[in-house]
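Here the structure comes first, spelled out in structure tokens, and everything after it is commentary.
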Number of protein chains: 2
Amino acid sequence: MKRSQAPPRDPALLLWVVLARAFDAVERHSRASIARFRLGVTEFGVLEVLYHKGELPVCEVRRRILVESSSTTYVVDKLVKRGLVRRRPSAADRRVTLLSLTPAGRGVIRRIFPLHAQSMRQAVGALPSPEQRQAIDLLRTLGLGAAERHKASVDLEPLAEPQT
Amino acid sequence: MKRSQAPPRDPALLLWVVLARAFDAVERHSRASIARFRLGVTEFGVLEVLYHKGELPVCEVRRRILVESSSTTYVVDKLVKRGLVRRRPSAADRRVTLLSLTPAGRGVIRRIFPLHAQSMRQAVGALPSPEQRQAIDLLRTLGLGAAERHKASVDLEPLAEPQT
DNA sequence: ATCTAATATCTCGATTTCGAGATATCAACG
DNA sequence: CGTTGATATCTCGAAATCGAGATATTAGAT
């Protein structure tokens, strides 16, 4: 066995390491599950959010799938070409494009979502329910706090160039 | 305020959502911090692991930076070209290539690691120390469990094609 | 009303990452 | 020994993602 522990004595650094590892391990489940349906992770994300929230602006979708806006355009393009999603200009704000599922798109996500959900339950199932709840609270605090602090620090100077 | 909560009633799915969000938020700190040094996240990862562990096989490095082997080759190539890392064939196992820092590489990582560590402490600092320890335990269990279950399930059939 | 700053979306080129497969070596076993 | 299966590294082309910036629109302040 090689369960050698990565050894940052500093709990904060260790937390970052185990967070990254846990995310990676669970994400592999997600990726493999979604690959069954010939979809990419972010494509699935778009379908899923539109399925559960209904018509939404692109920027709202972007927030939830955690990628940059240019990537959002790219993924939405693919889904539109596939006939699963449709774009529509917003009347209220003419900068905004609204996204919604086509009937075909709704059919797809309705069929595959339960299967994927089951995979994700399996993925995180090593943690018993009460611990899951604890983890949810802690991760929520951690995530919100980190997002907050990120906005607050838009001022780290480039300190050095390690090489030309 | 739009603190509207993503509403999976299922705790397992909610856990997955908050895990992804927390990772994303903290990773933005990491990315921004490392960008100060004109390095990519995985490049930094390679330097860091070699700094703390000494000479290691490529596959060992790969395990720790959480990317696929082809990406590892790509990143190592760049670091070698920059003169920060060196490749050396292993005597014990001729399949293996050993990686180590050059003096220049060691100089770089020694200088920047403390600054990055400080950024990461700041990133996860919204969680008080006792909660950090709790989170570490929970995430470790979650991550190891998910990795375990992933190996165990190399048998999900492609179930359907949503579209041609 | 006008000006300025912020927001939303998209374009385009570059970078990063992956996936499948090629090659070489090692390990285990008969 | 020879075979078979696992492991380590790398190649190559495709896919995903980003970053900077262009454009249009809105919101806020004066």
Side-chain angles (χ1 to χ4, degrees), chain A residues 2 20 23-24 27-28 30-32 34-47 55-82 85-100 151 154 158, chain B residues 2 20 23-24 27-28 30-32 34-36 38-46 55-82 85-100 150-151 154 156 158:
Chain A
K2 66 165 154 316
F23 173 77
D24 180 73
E27 211 232 359
R28 281 172 198 277
S30 176
R31 188 178 296 280
I34 291 172
R36 290 183 292 174
F37 315 121
R38 316 281 182 210
L39 285 171
V41 174
T42 48
E43 290 175 302
F44 181 90
V46 172
L47 297 180
E55 190 170 51
L56 283 181
V58 172
C59 62
E60 235 10 83
V61 171
R62 187 202 70 85
R63 267 191 199 87
R64 296 172 197 266
I65 62 178
L66 306 174
V67 299
E68 297 306 314
S69 64
S70 52
S71 308
T72 310
T73 300
Y74 169 77
V75 188
V76 170
D77 274 351
K78 285 199 308 182
L79 292 170
V80 169
K81 273 178 200 133
R82 283 224 228 176
V85 166
R86 145 183 73 212
R87 282 187 170 100
R88 184 173 77 85
S90 160
D93 185 337
R94 281 190 300 183
R95 293 170 300 181
V96 166
T97 298
L98 297 170
L99 301 179
S100 56
K151 277 200 284 279
V154 199
Chain B
K2 68 167 154 314
F23 173 78
D24 181 74
E27 211 231 359
R28 281 173 197 277
S30 175
R31 186 178 298 281
I34 291 171
R36 290 182 293 174
R38 316 282 183 210
L39 285 171
V41 174
T42 47
E43 291 175 301
F44 180 89
V46 172
E55 189 172 52
L56 283 180
V58 172
C59 63
E60 244 354 274
V61 171
R62 187 202 70 85
R63 265 191 201 87
R64 296 172 196 266
I65 62 178
L66 304 173
V67 299
E68 297 305 315
S69 65
S70 52
S71 308
T72 309
T73 300
Y74 169 76
V75 186
V76 170
D77 274 351
K78 284 198 309 182
L79 292 170
V80 168
K81 275 178 199 133
R82 282 223 230 176
V85 166
R86 145 182 74 213
R87 284 189 169 99
R88 184 174 76 86
S90 160
D93 183 338
R94 281 190 299 182
R95 296 169 299 181
V96 166
T97 299
L98 297 170
L99 301 178
S100 56
H150 192 62
K151 278 200 283 278
V154 198
L156 292 174

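Just so you know, these numbers come straight off a predicted model, no measurement behind them. Each chain gets a letter, A, B and so on, in the order the sequences are listed, and its residues count up from 1.
In terms of phosphate contacts, A:Lys78 brings no side-chain nitrogen or oxygen within less than 4.0 Å of OP1 or OP2 of D:dA15. Here B:Thr42 reaches the OP1 or OP2 of C:dT17: one of its side-chain N or O atoms lies under 4.0 Å away. Between A:Arg62 and C:dT9 there is no side-chain polar atom (N or O) within less than 4.0 angstrom of OP1 or OP2.
The shortest side-chain heavy-atom distance between B:Thr72 and B:Thr42 does not fall under the 4.5 Å cut-off. A:Arg87 places a side-chain heavy atom less than 4.5 Å from the side chain of A:Val80. B:Val58 has its side chain within reach of B:Leu99: a pair of non-hydrogen atoms, C-beta onward, lies under 4.5 Å apart.
Among C:dA6, D:dA8, C:dT17, the nucleotide with an atom closest to any side-chain atom of B:Val75 is C:dT17. Taking only side-chain atoms of B:Arg87, from C-beta outward, the nucleotide of C:dT25, C:dT16, D:dC10 with the closest atom is D:dC10. In the set C:dT11, D:dC18, D:dA8, the nucleotide with an atom closest to the side chain of A:Val67 is D:dC18. Side chain of B:Arg94, nearest nucleotide from C:dC26, C:dC10, D:dT11: C:dC26. When distances are taken from the side chain of A:Glu68 to each of C:dT9, D:dA16, D:dC18, the shortest belongs to D:dC18.
Between the NZ atom of B:Lys81 and the P atom of C:dT16 there is a distance of 11 Å, given to the nearest Å. At whole-Å resolution of the value, CZ in A:Arg28 and P in C:dC18 are 8 Å apart. In this structure, CG of B:Leu66 is placed 16 Å from C1' of C:dT16, rounded to the nearest angstrom. One can place OH of A:Tyr74 at 17 Å from P of C:dA14, the figure rounded to the nearest angstrom. The separation between B:Glu60 atom CD and D:dT9 atom C1' is 14 Å, rounded to whole Å. Atom pair A:Leu39:CG and D:dA15:P shows a separation of 14 Å (rounding to whole Å applied). Rounded to whole angstrom, the span from the CG atom of A:Asp93 across to the C1' atom of C:dA6 amounts to 12 Å. Atom CG in B:Leu56 sits roughly 14 Å away from atom C1' in D:dA8 (whole-Å rounding).
A donor-acceptor pair under 3.5 Å links the side-chain atoms of B:Glu43 to the main chain of B:Gly40, judged by distance alone.
In terms of position on DNA chain D, the residue among A:Ala91 and A:Ser70 whose nearest nucleotide sits closer to the 5' end is A:Ser70. The 5' end of DNA chain C is approached more closely, in terms of each residue's nearest nucleotide, by A:Thr97 than by the other of A:Arg31 and A:Thr97. Each of A:Ser71 and A:Ala92 was assigned the nucleotide of DNA chain D with the nearest heavy atom; the assignment lying further toward the 5' end belongs to A:Ser71.
Summarising the geometry, atom CG belonging to A:Leu56 is positioned 8.5 Å from atom CG belonging to A:Leu98; distances are rounded to the nearest 0.5 Å. For the atom pair OH of A:Tyr74 and CD of A:Glu68, the computed distance is 16.0 Å after rounding to the nearest 0.5 Å.
Interface remark: the A:Arg95 side chain does not form any donor-acceptor pair with the C:dT9 base, using a distance-only criterion of under 3.5 Å. Contact annotation: side chain of A:Thr72 to base of C:dC10, donor-acceptor pair absent below 3.5 Å.
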